[in-house]
Every structure is written in C-alpha cells, then in structure tokens.
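All ligand and atom numbering here is 1-based and tracks the order in the structure.
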Amino acid sequence: MFETMSYSGNKEKDYELVLKQLEALISDETDTIANLANASALLYQFLDKVNWTGFYLWKDGELVLGPFQGLPACVRIGFGKGVCGTAVETRRTQLVPDVHQFPGHIACDSASQSEIVVPIIIDGEIFGVLDIDSPVKNRFDKVDQKYLEKFVEVLIPSLK
Ligand code: SME
C-alpha cells in the first residue's frame, strides 16, 4: 500500500524523496501500463499547481495518449506537433513558461498556462513523452527539469 509521505518544502529534497517513492512503486512490477499509471499518479499528488500529469506513447509514427491524471486529453499528436511532438522531434525536454507563446501548442485543457515535456528514449528509440501541465505561467524551472529527467531515467527500466 502506498502511503503519502510528508514533503519538507525543500524542492530538491522532496524530488529526491519522490524518486525513491517511484523506485519503490515500480521495482517489483514489470507491467508497463501499470508502472506509467502509478508514475503519473505519484507526480500528480506530489507536484503543486499542476492540472495534468501523464504520458504519450510512440506508436506507428505518432504519439498516442497513455496513462495520465487530469481531464480527458487529445488522443493523437503527430511528430513535430505541439509541445509533445516537438520533444519527440528534438529529443530534448521542452520547458514552456507560457504555452500561448509556443507556436503550435495543442490546448487540451484551456486552463493550462505552462508545460514541461520530457522525451523518453530507450536504446536510442523514442518510447514516448512525460507531459506535465500547470494552470499558472512559469510553473517549471531548471530544477524541475533536472528532476523530471531523472524521474524518467528511473522509470525507463520498468518500461518495455
Ligand atoms: N499541450 C500538449 C498536448 C497535450 S496536453 O497538454 C495533455 C502539446 O502541445 O503537445
């Protein structure tokens, strides 16, 4: 049974704790969907000021909606489209302080104001992306980027 821990308010320390919680959640489980579902739920309860946390998975040349927390979202996103498709195309994390300034941003939830998308690359191949939306501008910074990239690294061995 997962128990929520109390976070300290120190951003880096709390992210370190979340990485440990993620390891504990996925270490005994090999089912990819189950692990992605728990990972999205873990981020949703840990991160403040977010309205969507989840995954898109690369299937037959496009991103398809995977496990998530938040409102129902657009199902398919093409290569290079929106923030998610751009993360796939560039293979780089997209840190977007204001989605309205991002050309081609795809608005699934009109509340979203800022967004971070981390590509998931396994053995050189795109597996999918981690996508997190916030209802406030400038929600994510370089510390979030560093730890969300670590989060994806910890998650990767539990995916196939
Ligand atoms: N805003 C994303 C689409 C996915 S939703 O945020 C859940 C994008 O522009 O790719």
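In the vicinity of G82, heavy-atom distances shorter than 4.0 Å reach the ligand 1 atoms 9 (O), 10 (O). Listed by atom number, the atoms of ligand 1 under 4.0 Å from H105 heavy atoms are 1 (N), 9 (O). Set against the non-hydrogen atoms of C108, the atoms of ligand 1 under 4.0 Å away are 3 (C), 4 (C), 5 (S), 7 (C).
Among I132, I106, V117, the residue whose heavy atom lies closest to atom 3 (C) of ligand 1 is I106. The heavy atom nearest to atom 8 (C) of ligand 1, out of those in V83, I77, V96, is found in V83.
By the 4.0 Å N-to-carboxylate-O rule, R139 lies close enough to D48 to be salt-bridged with it.
No side-chain donor from either of N51 and D133 sits under 3.5 Å from a side-chain acceptor of the other. One side chain, D14 or S8, offers a donor N or O that lies under 3.5 Å from an acceptor on the other.
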Test ring pair (Phe, Tyr, Trp, His ring centres under 6.0 Å) applied to F127 and W58, step by step = CA-CA 5 Å; F127 176 87; W58 187 250; over 10 Å; no

Are S134 and Q113 close enough, and set up right, to give a side chain to side chain donor-acceptor pair (under 3.5 Å), and what steps lead you there?
-> CA-CA 6 Å; S134 169; Q113 300 290 325; over 6 Å; no

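Residue D133 places at least one N or O, backbone or side chain, under 3.5 Å from an N or O of ligand 1. The N/O atoms of C84, backbone and side chain alike, include one that comes under 3.5 Å of an N/O atom in ligand 1. Some N or O of D131 is nearer than 3.5 Å to an N or O of ligand 1, by distance alone. Residue contacts with ligand 1: W52 is placed with no nitrogen or oxygen under 3.5 Å of a nitrogen or oxygen of the ligand (distance criterion only).
Of the possible polar contacts, none joining the E149 side chain to the K146 backbone as a donor-acceptor pair under 3.5 Å is found.
Neither the backbone nor the side chain of F102 has any atom closer than 4.0 Å to an atom of ligand 1 (non-hydrogen atoms only).
Ring to ring, Y15 and F46 are close: their centroids are under 6.0 angstrom apart.
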